[in-house]
Protein chains: 2
Amino acid sequence: MDKEMMKGNIDLILLSLIAERDLYGYEMTKKLKRLSDEAYSMSEGTLYPALKRMERKGWVTSYWSAPEGERRKKYYTMTKEGETELERKQKDWASIQSLLYKARRSYDT
Amino acid sequence: MDKEMMKGNIDLILLSLIAERDLYGYEMTKKLKRLSDEAYSMSEGTLYPALKRMERKGWVTSYWSAPEGERRKKYYTMTKEGETELERKQKDWASIQSLLYKARRSYDT
DNA sequence: ATATGAACCCTTGTAATACGATGTATGATA
DNA sequence: TATCATACATCGTATTACAAGGGTTCATAT
């Protein structure tokens, strides 16, 4: 997978995951790898700053889990603002897709 | 349109346009604006460096047009390498789309 | 004549980003 | 006890998109 193409799409991907259910960071990397059939590995140097950024923007919030005998995990959950932003990004994605479609058929225009 | 989301997609968009037929830079901005129903304006500060970059990578080549009585225009045309790269980027785009699709249905996984 | 604006090309500076490298700690397993 | 997977985090580097600015040419309006 072209890493340059992930630029700008990282947030959309993470928001899509978190919208389904609360996840912790490390779990996201594993899940993305599995969902992409091992094609894409999000580096932790990408993931954790991205989560911080999204929290700062108010799209997600986090909480620590502390069950007995388990390792601590920091879970992320969506906010209303995050849902709004996700919808916005989904629309943008669709717009770019439409633009690409038209570009491939624009010889005479 | 979210400008952060354009990152990494600029090259794909431009390659898609140039693959259809040779274009000059200024023409590309007008065409993109029209194809997007005025929603997206690619700034010239984005366009020209992008074209230079792609030429440096061997994806496109350029030539000046010099018809009588017309302004000079710098046209860009695809190379074999550019076609290969376009196909690669189209596959990457499809992969991300598939990943997004799966992410939205991954509650139990 | 000349002012204006559109068409056309380009560069520079800034902020944001993705990621490799690196660090730390804990729990399980060999 | 050594090692590996799990889990969180930061820093430095290269790359990027874009606003702002600069320049030329041509047509049209004043």
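Naming: A, B, ... by sequence-line order, numbering from 1 per chain.
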Under 6.0 Å from the ring centre and within 45 degrees of the ring axis: does the NZ or CZ of B:R105 meet both conditions for the six-membered ring of B:Y107?
no

Pairs under 3.5 angstrom, nitrogen or oxygen only, protein versus nucleotides 24-28 of chain D, please.
| residue | atom | partner | partner atom | Å |
| --- | --- | --- | --- | --- |
| D:dT24 | O2 | B:R71 | NH2 | 3.2 |
| D:dT25 | O2 | B:R71 | NH1 | 2.8 |

What distance do A:W93 atom CH2 and A:I13 atom CD1 have between them, rounded to the nearest 0.5 Å?
7.5 Å

Report yes or no: do B:T61 and B:E55 form a side-chain donor-acceptor pair below 3.5 Å?
no

Looking at every strand, decide which applies to B:E44 at a 4.0 Å heavy-atom threshold: base, sugar-phosphate, or nothing.
base

Salt-bridge criterion met for B:E20 and B:K31 (N-O under 4.0 Å)
no

Between the opening five pairs and the closing five pairs of the helix from C:dA1-D:dT30 to C:dA30-D:dT1, how far apart are the helix axes, to 10°?
10°

C:dT17 phosphate, OP1 or OP2: any side-chain N/O from A:R53 under 4.0 angstrom?
yes

Could you verify whether a donor N or O on one side chain and an acceptor N or O on the other, from A:K73 and A:S65, lie under 3.5 Å apart?
no

Please tell me if A:S43 has a side-chain N or O lying less than 4.0 Å from either OP1 or OP2 of C:dC19.
no

OP1, OP2 of D:dC8 versus side-chain N and O of A:Y26: anything below 4.0 Å?
no

Selection from C:dT11, C:dC9, D:dA17 that lies nearest to any side-chain heavy atom of B:K74:
C:dC9

Nearest to the side chain of A:I10 - C:dC9, C:dC19, D:dA9?
C:dC19

Side-chain N or O of B:Y48 versus OP1/OP2 of C:dT12: is the shortest distance under 4.0 Å?
no

What's B:G25 touching, base or sugar-phosphate or nothing? Going by heavy atoms closer than 4.0 Å.
sugar-phosphate

